[in-house]
Amino acid sequence: LVLDEAAAITYLEEYDRLAADMSYQYAEAAWKYETNITEETLANMTEWSLKRSDFNYREAKNASRFDLSKINNQNISRLLRKVMDIGTAAFPDTVKLEKISDLEGEMTSIYSRARGCLNTTTCLPLEPDLVDIIANSRNYAELTAAWKGWRDASGRNIKKLYPEYVSLLNEAITFEGKYKDMGDYYRSSYESPTFENDVKALFLELAPLYENLHAYVRRRLKEHYGADKFPSTGHIPAHILGNMWAQDWTNIYDLVAPYPDKRTVDITKALIDQNYTIIRMYKVAEDFFSSIGLYKMPHLFWEKSLLVKPVNREVVCHASAWDFSNKRDFRIKQCTALTEEHLLTVHHEMGHIIYYLAYKDLPYLYREGANPGFHEGMADIVTLSFQTPEHMKKIGLLDAIPGQNDTEGDINFLFRMALSKAAFLPFGYLVDQWRWSVFRGETKPERYNEKWWDLRCDFQGIYPPVERSNADFDPGAKYHIPGGTPYISYFVSFVAQFQWHKALCKVANIAGPLHRCDIYSNTIAGARLNDMLKMGSSRPWGEAMLKITSGTSGQTDKLSVAPLLEYFDPLIKWLQENNKKYNEILGWDKKNCPNFLSP
Ligand SMILES: O=C(CCC(O)(O)[C@H](Cc1ccccc1)NC(=O)c1ccccc1)N[C@@H](Cc1c[nH]c2ccccc12)C(=O)O
Ligand SMILES: [Zn+2]
């Protein structure tokens, strides 16, 4: 039965209303679970997950009545294809679908309720306690206890659930025959057959920047912790980099700053000294976005968000931004603490909300990022302006800023930015390398942890401070693995956000080096960004990239690391010079990882 375009439009209008309502119901159930982890709220969420899958299944069948070859309107055919692109919901075995939802909920519950033990009497939650120890302790043994304790409490207890989770997801996603495995489905949201190779090429272009940073930090940490902690293979111990996953090294800036600061760039201290409240952190972030002409938070945001860790119940503390698909209700869930890292995460989560607000009047099916990496990139991009010394001084969180010809101050600032934006790159790349190899069946459960450490040693040049074996499950100690949340989106984000920053600074006519550009209160930059955000996922993401970069020297419809390397160029030169001065050998033995015992 071939129905024509007019009938398709009528169908899609009806679908839009039903889908938004179903999405609202599911989001409320998920919110109830994540803000109050109990058997009942988990069961309720699973029930709504199944209802949503059933809804998607039925509507995909309805949409398949239309003969796409007879639909000339590209917009209508794109919408119909999205109705039919339902992932695991195409799998008719609802018992197995329920099991997938149960396993994911169970693993997230274990992760969110885990308490890592430092000794026989002290066991602490990840946020804020273990995060703070890894960020602030300079005691090697204490760091080792927190690092190991967290993995014993989280990964080890999640391990037994992950193999079944993988095989059920693969069984469900391959049922229709459209996808080879779950990793293939994850990557399909980038609408590019060369995506996997494209990101590999981008990563290789960024390797020299990371290797120079790694060599410099390794030398400085060796001075502090003693050479005996640094094996001849060139690896750095994974637990002394200021972050539980060694993905962001900003917290050890005080240990490794190129020119030990005349004034400590300690935003956390400033927040405390100035009696910042949690709400004020959100108001500061809201002020940034509204200053460039974007949006203020709707009143429901302030009414319904969960911004502080409750004392009387278990919650999923890992931060997230929520769209309740009714054009009015948007929330952040974050166990916010008074630290610089949390202030940046506040801007990150609110960046997601701004994207939601920009596309809220699009058809429901287009209310997504142009690709998942673009949503993360939008979340992060304002931090490139917000963290400049100029901006920090403007809002009173920094007293003195390095003068134009203060090269030492400039190198210090670039170095501090590299501790998050460059240090992150190999981790942002490797998490889904591991997950894709698992979904492909290349990495079996017996070797989950071995593959993880192969990748961590190879790409990050770090090694575990205590012996690891395949009895451990260290990938399970990172939220996104039990949470089933994509990770390559962050790698894509860290590349794209510099392309956008460069383009926005250009169109806003902001002079000076890229790393000192602050788009605050620049409505021209905001308007250009908004033009891209309003597209949602209505067009392939290359068009969204072009929308932001058109008319600038970085004009392109592809990902490019050139703006990121341009931003860090003065630092790269400084690091190369410094590493040469100390005869530092760049890199590490990529095939020999200390402390991994494969029994
Ligand atoms: O996980 C997050 C922040 C949480 C999130 O905002 O990315 C959140 C993750 C999530 C996804 C799906 C379900 C539950 C949580 N993503 C979102 O809320 C979100 C919102 C809209 C679209 C897509 C994702 N950051 C990552 C990596 C990261 C990106 N930028 C950073 C800056 C500093 C430190 C870490 C990061 C991490 O902590 O490893
Ligand atoms: Zn995010």
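Each ligand, and each atom within it, is numbered from 1 in the order the structure gives.
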Close to the Zn ion (ligand 2), meaning under 2.8 Å, how many protein N, O or S atoms are there?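 Those protein atoms number 3 in total.
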
Does [Y] offer a backbone N or O that forms a donor-acceptor pair with the side chain of [X] under 3.5 Å?
| X | Y | value |
| --- | --- | --- |
| Ser305 | Trp302 | no |
| Asp16 | Tyr364 | yes |
| Glu340 | Asp266 | no |
| Glu314 | Ile37 | no |
| Thr108 | Glu104 | yes |

Does ligand 1 have any atom that is closer than 4.0 Å to a heavy atom of [X]?
| X | answer |
| --- | --- |
| Phe427 | no |
| Tyr479 | yes |
| Thr485 | yes |
| Trp245 | no |
| Glu368 | no |
| Tyr355 | no |
| Ala321 | yes |
| Glu341 | no |

Select the closest option to [atom] among [options], judged by heavy-atom distance.
| atom | options | answer |
| --- | --- | --- |
| atom 23 (C) of ligand 1 | Lys478, Lys421, His348, Glu376 | Glu376 |
| atom 39 (O) of ligand 1 | Tyr487, Tyr490, Phe374 | Tyr487 |
| atom 21 (C) of ligand 1 | Tyr356, Phe424, Phe494 | Tyr356 |
| atom 4 (C) of ligand 1 | Gly369, Ala319, Ala423 | Ala319 |

Picking from His342, His318, Glu349, what satisfies side chain to side chain donor-acceptor pair (under 3.5 Å) with Gln334?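 Option passing the side chain to side chain donor-acceptor pair (under 3.5 Å) with Gln334: His342.
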
State yes or no: are the ring centers of [X] and [Y] separated by less than 6.0 Å?
| X | Y | result |
| --- | --- | --- |
| Phe330 | Phe301 | no |
| Tyr216 | Phe415 | yes |
| Phe289 | Tyr295 | no |

For atom 1 (O) of ligand 1, the protein heavy atom that lies nearest, with its residue and separation: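 The protein heavy atom lying closest is His318 NE2, 2.7 Å.
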
Only heavy atoms of [X], strictly under 4.0 Å: list the atoms of ligand 1 that pass.
| X | result |
| --- | --- |
| Asp248 | 33 (C), 34 (C) |
| Asp380 | 30 (N) |
| Glu349 | 3 (C), 4 (C), 5 (C), 6 (O), 18 (O) |
| Gln247 | 27 (C), 35 (C), 37 (C), 38 (O), 39 (O) |

Using a strict threshold of under 4.0 Å (side-chain N to carboxylate O), is an ion pair present between Glu191 and Arg78?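 So Arg78 pairs with Glu191 through a salt bridge.
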
Using a strict threshold of under 4.0 Å (side-chain N to carboxylate O), is an ion pair present between Asp85 and Lys82?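 No, Lys82 and Asp85 are not salt-bridged.
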
Part of Thr383 within contact of ligand 1 (heavy atoms, under 4.0 Å):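 No part of Thr383 comes within reach of ligand 1.
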
Criterion salt bridge (Lys or Arg N to Asp or Glu O under 4.0 Å) on Lys200 and Glu196, from CA distance to verdict: CA-CA 6 Å; Lys200 186 184 200 115; Glu196 195 168 350; over 6 Å; no

Tyr162 versus Lys159: any side-chain heavy-atom pair under 4.5 Å?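 Of all side-chain heavy-atom pairs linking Lys159 with Tyr162, none is under 4.5 Å.
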
Under the criterion ring pair (Phe, Tyr, Trp, His ring centres under 6.0 Å), which of Phe427, Tyr479, Phe494 is the partner of Tyr487?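 Exactly one candidate clears the test, Phe427.
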
For the residue pair Thr46 / Asp102, report whether a side-chain donor-acceptor contact shorter than 3.5 Å exists.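 Distance-only check passes for Asp102 and Thr46.
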
